[in-house]
Amino acid sequence: MWLRMKEICKFTPRAELEKLAGPAKFQLEDRPAYYHGGGFVVYYSPMRFRVEGLQRVEYGQPGEYAVGMYHFSSDESLRLEMGLDRAATEDAAPIGEEVLEGGITYSSTFRDARSWMAAHMPGLYQEGEVWRMVDGTMTLVNRYLSDEQYQLFFFGKSQKTKLGGFQFVFKEDEG
């Protein structure tokens with residue numbers, strides 16, 4: 001499904017996306033995000049928009065327009081990152097294809113991915129950590145590496161932690 005998903009254009013209507021990727025299994029609570037199975041979550045905007053300077057300018061008719069997607073290699077990672085309390089999924093799994101063409105897969109470690117991004121996108125990527133309060137204690141949720149289109153999630157502190165999921169922002173339609 002990843003090969004189909006990465007070809008979807010930003011602001012594709014939900015009905016059209018589901019013709020290409022298959023119907024969603026369920027909506028993530030009351031959010032504009034739908035689980036498609038296999039660890040894939042697609043998120044939507046109620047309006048098309050463009051950014052002019054610092055302003056978000058909405059246009060067109062209201063609807064559900066695809067903006068991007070997440071993929072997680074395990075149900076635990078999906079529930080942790082999406083904030084799901086219940087065992088909603090039991091089918092998340094790593095994809096066999098490369099996440100980023102030319103080198104990043106689910107067997108890539110944080111160290112491998114950071115080195116690859118530094119070599120292929122010098123100055124264009126960022127890294128950081130996400131912490132949340134869990135039972136009264138600040139807890140590391142993930143480390144991440146990101147660029148304009150991807151955010152890679154690593155659910156551990158070690159340099160050897162393997163990729164656990166990613167966010168992908170759909171490309172703008174060139175035509």
Side-chain angles (χ1 to χ4, degrees), residues 1-51 56-102 104-108 113 117 121 125-126 128 130 132 141-155 162-175:
M1 186 183 307
W2 170 229
L3 296 176
R4 286 188 303 247
M5 287 289 204
K6 70 181 178 179
E7 296 304 317
I8 291 172
C9 291
K10 187 183 261 186
F11 304 128
T12 297
R14 181 171 164 222
E16 191 177 318
L17 182 141
E18 289 190 350
K19 286 178 189 173
L20 301 169
K25 293 186 175 204
F26 61 87
Q27 183 174 2
L28 273 69
E29 299 163 347
D30 61 348
R31 294 179 265 178
Y34 295 84
Y35 185 69
H36 283 263
F40 287 94
V41 174
V42 177
Y43 59 94
Y44 296 85
S45 171
M47 293 291 292
R48 291 181 169 110
F49 63 88
R50 65 182 172 274
V51 177
R56 174 181 160 139
V57 178
E58 295 181 340
Y59 63 92
Q61 299 297 313
E64 289 182 296
Y65 300 102
V67 178
M69 53 142 290
Y70 291 90
H71 182 267
F72 298 95
S73 63
S74 72
D75 296 321
E76 180 182 340
S77 297
L78 177 115
R79 287 191 292 269
L80 177 67
E81 191 61 32
M82 295 285 103
L84 301 175
D85 292 330
R86 55 186 164 66
T89 67
E90 295 181 2
D91 66 348
I95 54 176
E97 298 88 9
E98 291 179 321
V99 173
L100 265 94
E101 291 178 30
I104 307 295
T105 67
Y106 270 107
S107 63
S108 299
M117 290 180 100
M121 312 172 179
Y125 80 97
Q126 298 177 2
V130 174
R132 289 193 188 122
V141 174
N142 69 56
R143 296 176 78 186
Y144 66 85
L145 297 166
S146 64
D147 70 4
E148 289 182 351
Q149 201 167 17
Y150 287 88
Q151 185 163 7
L152 307 176
F153 304 113
F154 298 85
F155 298 98
K162 293 193 177 183
L163 180 64
F166 66 94
Q167 178 183 12
F168 177 76
V169 177
F170 295 132
K171 294 175 232 160
E172 297 275 346
D173 186 3
E174 303 285 325

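Every value quoted in this text rests on a predicted model; they were computed, and no experiment measured them.
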(message) Suppose we screen for ring pair (Phe, Tyr, Trp, His ring centres under 6.0 Å). Which residues come up paired with Phe166, at least two apart in sequence or across chains?
(response) Trp2, His71
(message) Give me each pair satisfying salt bridge (charged side-chain N to carboxylate O under 4.0 Å, His left out) with a member in residues 67-77, each pair once, sequence neighbours excluded.
(response) none
(request) Sequence neighbours left out, what pairs pass salt bridge (charged side-chain N to carboxylate O under 4.0 Å, His left out) with at least one residue falling in residues 42-51? (result)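 Residue pairs with at least one partner in residues 42-51: Arg50-Glu52.
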Which residues pass the side-chain contact (heavy atoms from CB on, under 4.5 Å) test with [X], sequence neighbours left out?
X      : result
Glu101 : Lys6, Glu98
Leu28  : Phe26, Arg31, Ala33, Tyr35, Val41, Met82, Leu84
Val141 : Leu80, Glu81, Val130, Arg132

Residues forming a side-chain hydrogen bond (donor to acceptor under 3.5 Å, both in side chains) with [X], sequence neighbours excluded:
X      : result
Ser77  : Ser74
Tyr125 : none
Ser45  : Arg56

(request) Kindly write out the residues that satisfy salt bridge (charged side-chain N to carboxylate O under 4.0 Å, His left out) with Asp147, not counting sequence neighbours, or none if the list is empty. (result)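 Asp147 satisfies salt bridge (charged side-chain N to carboxylate O under 4.0 Å, His left out) with no other residue.
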(message) So, using salt bridge (charged side-chain N to carboxylate O under 4.0 Å, His left out) as the criterion, who are the partners of Arg4 when residues are at least two apart?
(response) none
(message) Would you say that Val67 contacts Tyr65 through its side chain, given a criterion of any heavy-atom pair below 4.5 Å between the two side chains?
(response) no
Under 3.5 Å, which donor-acceptor pairs do the side chains of residues 15-23 form with other protein atoms, sequence neighbours left out?
{"unit_1": "Glu18", "atom_1": "OE2", "unit_2": "Arg14", "atom_2": "NE", "d": "3.1"}
{"unit_1": "Glu18", "atom_1": "OE2", "unit_2": "Arg14", "atom_2": "NH2", "d": "3.3"}
{"unit_1": "Glu18", "atom_1": "OE2", "unit_2": "Ala24", "atom_2": "N", "d": "3.3"}

(message) Any side-chain to backbone donor/acceptor pair from Gln149 onto Val169? Under 3.5 Å, distance only.
(response) yes
